[in-house]
Amino acid sequence: MADSNPNIKIHVSHLKKNFGKLEVLKDISLDITEGEVVVIIGPSGSGKSTFLRCMNQLEEVTDGEITVDGNLITDPKVDINKVRERVGMVFQHFNLFNNMNVLRNLMLAPVDLKKADKAQAEKNAMEMLRKVGMEDKAQAYPAQLSGGQKQRVAIARALCMNPDIMLFDEPTSALDPEMVGEVLQVMKQLAADGMTMVIVTHEIGFAREVADRVIFMDGGYIVEQGPPLELINNPKEARTIDFLNKVL
Amino acid sequence: MLRILNSYGALLLRAMGQTLLLALSGLFFACILGMIFGILSVLKNKACNIIAQIFVDVIRGVPMIVLAYFIYFGLPYGLNTLAGMNVTLSALQAGTICLALNCGAYMAEIIRAGIQSVDIGQMEAARSLGLPYWRAMQRVVLPQAIRTMIPSIINQFIITLKDTSILSVIGFPELVNTAKNVVANTFMSFQTWIIVGIMYLIIITILSRLAKMLERRLNRGRF
């Protein structure tokens, strides 16, 4: 078990995930410590997003164990909703609730799950919007926002639950190039604040700048991992070298 | 034409009231059935999906007139001879059941399609914040689904209102049945059916205008 080391936030051991006959994750083991920023890179279809989605059980795992904050989330008896309250997630396609304005997007979960009363939740939501520079759009509907603005709101929405861990699933892949920067800026700030973050991305430059550790995945395995400069500048494995040559 | 309106106008108006009563009670239970079976068909549970599918397939696969005869005549007779139970249904009860089943099956399909038209990411985002499935459904998915369902639901309401005429075969005194009696008494078939047609046209036009207003109001200021 992971709780031998209290600093370990996420412990993954021999994780396997199949979609029908397709083996997407073959045997993944990994520990992520508190405050660590882990960036996962790799070609599409390598299982990075699936792996990330296993960490809050948006995908049910086929085999293996995942412990988050000391909770064995792969155990069906564990109340996954309680764990998810502490694990924020940001999606490639933002997934803001289209039927609510920005403020209500942020207040829904805290109020519904009785984490805060309305006034408190609103105050907290406005604070989070300020943090991502979106306080003037509190009354706007998602359809009125640009991609970069939507993603910053999505990050603020996750932060409103006061999470210990943030998962990012290709947060800039659906953005116009000129909007990538504003989202990465917010993420950089979060990292500087000491948030534990797991980020699936194609932004190698961002990985180099912000990550504590970079993981390269391919074919359902972790091929190689290490500090960003080491992995990006001096990859050891042939597949890593091949991938980095193509994307850099 | 005026002669018919003079002597039978009140009768026809009362019959229209009966048509509306039957349609509304049928629609009320159809909405409940549609909601239940529509949600059963989107749950991540094979047994629930199959139950919903069977309901929809059976009801859609049988003409409503057959269903009406079966419920009004067949069912009480069968229960009596096979189980010794004495059940009699009034024409209104049988008609309501018949409309509720028939319209309910189509409503279930409309509701299923509406829920499935909402991007799966909406549900995932709500769940990732810790909301339980039903809360996420209630707060995020259904409000968006309903908006896409409304035109189809209105359409189905109108079809059901017109389908009440089929229930003239079980002797319910709705508009068509009453009109038949008027024709039998007066032999003025041309005038009577024109009057009846116009009466349907008026109710349905009013209803669809109201529905359009409702639709516009729900869509105001959103995406």
Side-chain angles (χ1 to χ4, degrees), chain A residues 49 52-53 55-60 79-101 104-115 139-145 150-151 153-163 165-169 174, chain B residues 31 35 38-39 42-50 110-154 211 213-223:
Chain A
S49 284
L52 192 77
R53 289 161 58 85
M55 289 183 205
N56 67 352
Q57 286 290 84
L58 280 185
E59 302 291 350
E60 267 175 55
D79 182 1
I80 188 63
N81 293 328
K82 280 271 164 268
V83 180
R84 282 174 177 156
E85 289 176 7
R86 313 291 295 159
V87 182
M89 185 158 197
V90 174
F91 298 84
Q92 181 177 359
H93 295 289
F94 331 121
N95 298 347
L96 293 182
F97 306 135
N98 295 317
N99 54 325
M100 303 173 193
N101 67 19
R104 285 181 49 224
N105 259 276
L106 268 65
M107 288 168 60
L108 174 70
V111 173
D112 235 54
L113 298 169
K114 306 214 175 3
K115 298 285 144 193
Q139 301 301 328
Y141 276 85
Q144 299 162 324
L145 303 178
K150 282 184 199 171
Q151 198 61 299
V153 170
I155 293 172
R157 178 175 67 180
L159 291 176
C160 278
M161 289 299 287
N162 192 19
I165 300 167
M166 287 281 285
L167 309 175
F168 294 84
D169 188 5
Chain B
C31 286
M35 206 66 193
I39 285 180
V42 296
L43 289 180
K44 262 199 206 159
N45 179 317
K46 272 265 155 9
C48 292
N49 302 160
I50 291 172
I110 292 169
I111 288 167
R112 178 188 61 75
I115 292 174
Q116 286 174 346
S117 77
V118 177
D119 179 23
I120 182 90
Q122 297 283 312
M123 175 58 99
E124 286 183 349
R127 297 304 308 275
S128 80
L129 290 164
L131 289 182
Y133 179 84
W134 283 111
R135 292 304 283 166
M137 202 53 150
Q138 208 179 324
R139 303 302 303 271
V140 175
V141 178
L142 285 180
Q144 297 183 55
I146 284 170
R147 216 176 307 155
T148 61
M149 288 174 204
I150 278 180
S152 314
I153 289 178
I154 291 167
M213 272 163 57
L214 174 77
E215 196 185 330
R216 255 199 301 266
R217 170 165 303 182
L218 276 171
N219 279 329
R220 194 177 292 163
R222 309 281 177 76
F223 45 116

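Proteins get letters first, then strands, A, B, ... in listed order; numbering begins at 1 in each.
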Between [options], which shows the greatest number of heavy-atom pairs under 4.5 Å with chain B?
options                      : value
A:R86, A:R157, A:M161, A:M89 : A:R157
A:N56, A:L167, A:V90, A:L113 : A:L113
A:I80, A:N101, A:D112        : A:D112
A:N81, A:L96, A:L108         : A:N81
A:H93, A:R53, A:Q92          : A:R53

Are B:I111 and B:V42 side-chain neighbours, meaning at least one heavy-atom pair lies under 4.5 Å?
no

Is A:I165 close to A:M55 at the side-chain level, that is, under 4.5 Å between some pair of heavy atoms?
no

So, for [X] and [Y], which heavy atoms are closest and what is the spacing to 0.1 Å?
X      : Y      : result
A:L106 : A:A156 : CD2-CB, 3.9 Å
B:G114 : B:M149 : CA-CG, 3.9 Å
A:G88  : A:P163 : N-CB, 3.6 Å
B:R139 : A:M100 : O-CE, 3.3 Å
B:N45  : B:A47  : OD1-N, 2.9 Å

May I ask you to list the residues in residues 125-133 of chain B that approach chain A closer than 4.5 angstrom, counting heavy atoms only, ordered by number?
B:A125, B:A126, B:R127, B:S128, B:L129, B:G130, B:L131, B:P132

Can any side-chain N or O of A:D169 pair as donor or acceptor with the backbone N or O of A:S49 at less than 3.5 Å?
no

Which atoms of A:F91 come close to chain B, meaning under 4.5 Å heavy atom to heavy atom: side chain ones, backbone ones, both, or neither?
side chain

Just jot down the side chain to side chain contact (heavy atoms under 4.5 Å, CB included) partners of A:V111, sequence neighbours excluded, or say none.
A:M107, A:K118, A:A121

